[in-house]
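Order of the sequence lines sets the chain letters (A, B, ...), proteins ahead of strands, with each chain counted from 1.
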Amino acid sequence: MNQFIIGIDLGTTNNVLAFCESHQTNDTTDVQLLKIPQLVAAHTVEAKSALPSFSYLAAEAETTGGALDLPWAEGRNFATGEFARSKGADTPDRTIGASKSWLCHNKVDRRAPILPWNADGDVGKISPVAAAQQYLEHLVAAWHARFPESPISDQHVVLTVPASFDPVARELTREAAIAAGLPPHFVLLEEPQAALYAWLNQQGDQWRKTLQVGQSVLVCDVGGGTTDLTLIAVDQNDGELELRRVAVGEHLLVGGDNMDLSAAYFVSGKLSEQGSTLDPWQSVSLWHSCRAAKEALLTDDGPATHTITVLGRGSKLIGSTVSVEINKEEIAGLVLDGFFPKCHLTDRPVRQPASGFQEIGLPYESDPGITRHIAAFVGSHCTGENDSVSMPNYVLFNGGVFKANGLKQRMLEVMSTWSGDQDVQELSGGSALDYAVAKGACFYGFNQQSGGLRIRGGVGRSYYVGIETAGLAIPGAPRPMKALCVVPFGMEEGTEVSVPSGEFALVVGQPAQFRFFSSNTRKEDQPGKLLDRWTEEELAETDPLVATLNLEDSDETFVPVKFRSKITELGMFELWCETGESEQAKRWKLEFNVREN
Amino acid sequence: MGLITATKAFCKLLFNPQLCDSFDEMIASGGTLKIESKPAAESPKPIPPEIPVRSDAISLIAALQREARLLDIVTESLDGYSDAQIGAAAKEVLRDTGAVIDRMFGLQPLTTVEDGAHFETPDKFDAAMYRLTGNVSGEAPFRGTVNHHGWQATKCDVPQWNGEKESALVIAPIELEIKS
């Protein structure tokens, strides 16, 4: 039996590891954070509760004398964590940040060394998968430094991923985690659910008094660079309250950093009116000051103005320090109206036409209005005739952004106007915003082992493969394609289904490739359902699936196959081709092809 | 004394300085070796702790400079600056200095009793905990008014440094921007 349960938040900007003993009797589980030793400067190691998700690829001269060594690693030529983050300001070409956002970007090969994006070739680039592996290896080593007698491979580990991560991004995360030394039976959990678990642990049994049958909770997780939405319904089963995850949002590349940057852009404009220009190091410090200004000004009883000061760069500090005042209206206009605009439930994100020469880089949202994205999400899951879930009664906020109280109030205000006379309230009293996901993941792992409270839900979207239809080929025109549903929405972990369909003939010995789609709105489709047409909003295409069929002792050139899909106990999606009857059936697993498509 | 005995004696001398004296005595007396049994607790000898190459004090001051620019502001001449200019810079430095100190030492007041309120020391008096002023006489417990609540560290997490002796006194490196 494992001694510990470990929850890991592999975040876009920070990594956190929480743990607890597997034997506990308390009403609320005692979850602790692991202090993670990391470089904060050359030769200097400090233990902190979070490991920033940055990696610095050092020049050879910078590594002399073991300048980047850690207590468990000698001869290092890279650094992860705080030091890497600080290098991001003045040496961006050697610093990797936001590698997680690249994991689900299917326009690039995520196993190829492409990061830092746009950097020169000679810095020794690494792949998005390798970056994730580096952060996890650091966490694993920090664990072993603290608990040498309890190898992580013997513990029960829960790793969180965004609810909006598609099966490919999950697969790649898993690949990085196994390579980093996590036990093969580790479990994936969606981040917004983890945040809710943290709240549940903090509440103990009290949650049954707060939430009522028929109500629903919107979990709004705004990280540094991403926004992740999840809707949880409160059900009843045999007189017992139950929580069920009913919908997950799209992967939105807009977050707290965007808000601070837009404020910083505004303030640097003011500074240049005064005749001051900032160097890159000062710009970062301006960015941090703007975050502090946002938190100070956007509270109920906050001051009307806040002075933003940027210290001089050189050793003459006071003389070259510049200051500028920013007031409540200005920051509210930038952050509240820019990112949390007042809007109607019927409003939708504005799609701007993409320019023909758009760079490949990360696909940031063209509409930064988070409330409009929420309107689209709530609108498509709570207002339809078939939707059993009510408009959200509560919002659980997660992410450091919400240290600025004004953002919460604006969101609750806007959402209250959507549901008529009903006030939308905050689900308050959870863990510290920066650590809730890791702590919640740990509590989830604890419940898995102790048979405690679980949020039901299964898969958060339905999956489809593209099938080219037979028929006369028209020269120059692609064959018409249909989408075959292989996994229904809500399919439970640990189950599998044989997809009813006609048989497909696949060529033996040659790779067969299928386009792959997912939908978070088509909840009624059952396995075998064939779609003739769909809108771009309904079905999102990710990387194709590939399998090569090898048949020994057979000279067949074609094999008739059907699909069998499976959601493992660990939450992973698998798709198989099979031929023959159950006993003698031969199976081939389809793998995602993550190279440039 | 045979060769084997001599070798054994040599090995023992090497690892047990206490024996040397006995051996000297033996040679002097030309007779037998007297070995005094030593207490078992002394063996094995504890490994002496590694002497740190750098004082924690330097690491602390380096952190305060790195994160809060404390050295820059305390070494700069204030002549010619307005109070507003000094105040603007000092505000930033003070905030960041406070953050570093709190993170590394977890500062807490020694007592929750507020300034100006009545306070009584325990019978067992610890002179490190209290600084008595005014009409001090007699034995503990002492009764008085709190002028300052005191401070204590709840931890001491100064960064660890692993560089060479030559750079042990470097507090902040020279910053050099390479322009291509």
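- Panel note: side chain A:His306, backbone A:Lys328; no donor-acceptor pair is recorded below 3.5 Å.
- For the set B:Glu175, B:Gln85, B:Arg95, the count of heavy-atom pairs under 4.5 angstrom toward chain A peaks at B:Glu175.
- A salt bridge between A:Glu82 and A:Arg85 is present, with a side-chain N of the basic residue lying under 4.0 Å from a carboxylate O of the acidic one.
- Screening A:His138, A:Glu46, A:Lys48 for a side-chain contact (heavy atoms from CB on, under 4.5 Å) with A:Ile36, the sole residue that qualifies is A:His138.
- For the set B:Asn162, B:Leu71, B:Asp72, B:Ile178, the entry with the most heavy-atom pairs within less than 4.5 Å of chain A is B:Asn162.
- Under a 3.5 Å cut-off, the side chain of B:Lys155 and the backbone N or O of B:Arg103 do form a donor-acceptor pair.
- Ranked by heavy-atom pairs under 4.5 Å with chain A, the list B:Val158, B:Ile73, B:Thr75 is led by B:Ile73.
- A:Arg76 places a side-chain heavy atom less than 4.5 Å from the side chain of A:Leu70.
- In this structure, chain A has a heavy atom under 4.5 Å from the side chain of B:Glu76, while its backbone stays farther away.
- For B:Arg66, the part lying near chain A is the side chain, with the backbone staying farther off; criterion is any non-hydrogen pair under 4.5 Å.
- When atom types are taken as modelled, the side chain of B:Thr97 and the backbone of B:Ala68 share no donor-acceptor pair closer than 3.5 angstrom.
- Contacts from residues 53-67 of chain A to chain B, taken as heavy-atom pairs separated by less than 4.5 Å, involve A:Gly65, A:Gly66 in sequence order.
- For A:Thr44, the parts sitting under 4.5 Å from any heavy atom of chain B are the backbone and the side chain alike.
- Residue contact with chain B, scored on non-hydrogen atoms closer than 4.5 Å, involves the side chain of A:Ser289 exclusively.
- The pair B:Asp96-B:Arg69 does not meet the salt-bridge criterion, since no charged nitrogen lies less than 4.0 angstrom from a carboxylate oxygen.
- Proximity to chain A is limited to the side chain of B:Leu78, based on heavy atoms less than 4.5 angstrom apart.
- The aromatic rings of B:Phe125 and B:Phe142 sit perpendicular, their planes meeting at an angle over 60°, well past the 30° parallel limit.
- Here the shortest heavy-atom pairing between A:Val310 and A:Ser285 reads CG1-OG, 3.7 Å.
- A:Thr321 contributes a side-chain N or O that, together with a main-chain N or O of A:Gly312, makes up a donor-acceptor pair within less than 3.5 Å.
- Contacts of A:Asp69 with chain B are made by both backbone and side-chain atoms, with heavy-atom separations under 4.5 Å.
- Ring-centre distance between A:Trp143 and A:Phe19: below the 6.0 Å cut-off.
- Contacts with chain B were tallied for A:Ile318, A:Thr309, A:Val45; A:Ile318 has the most, counting heavy-atom pairs under 4.5 Å.
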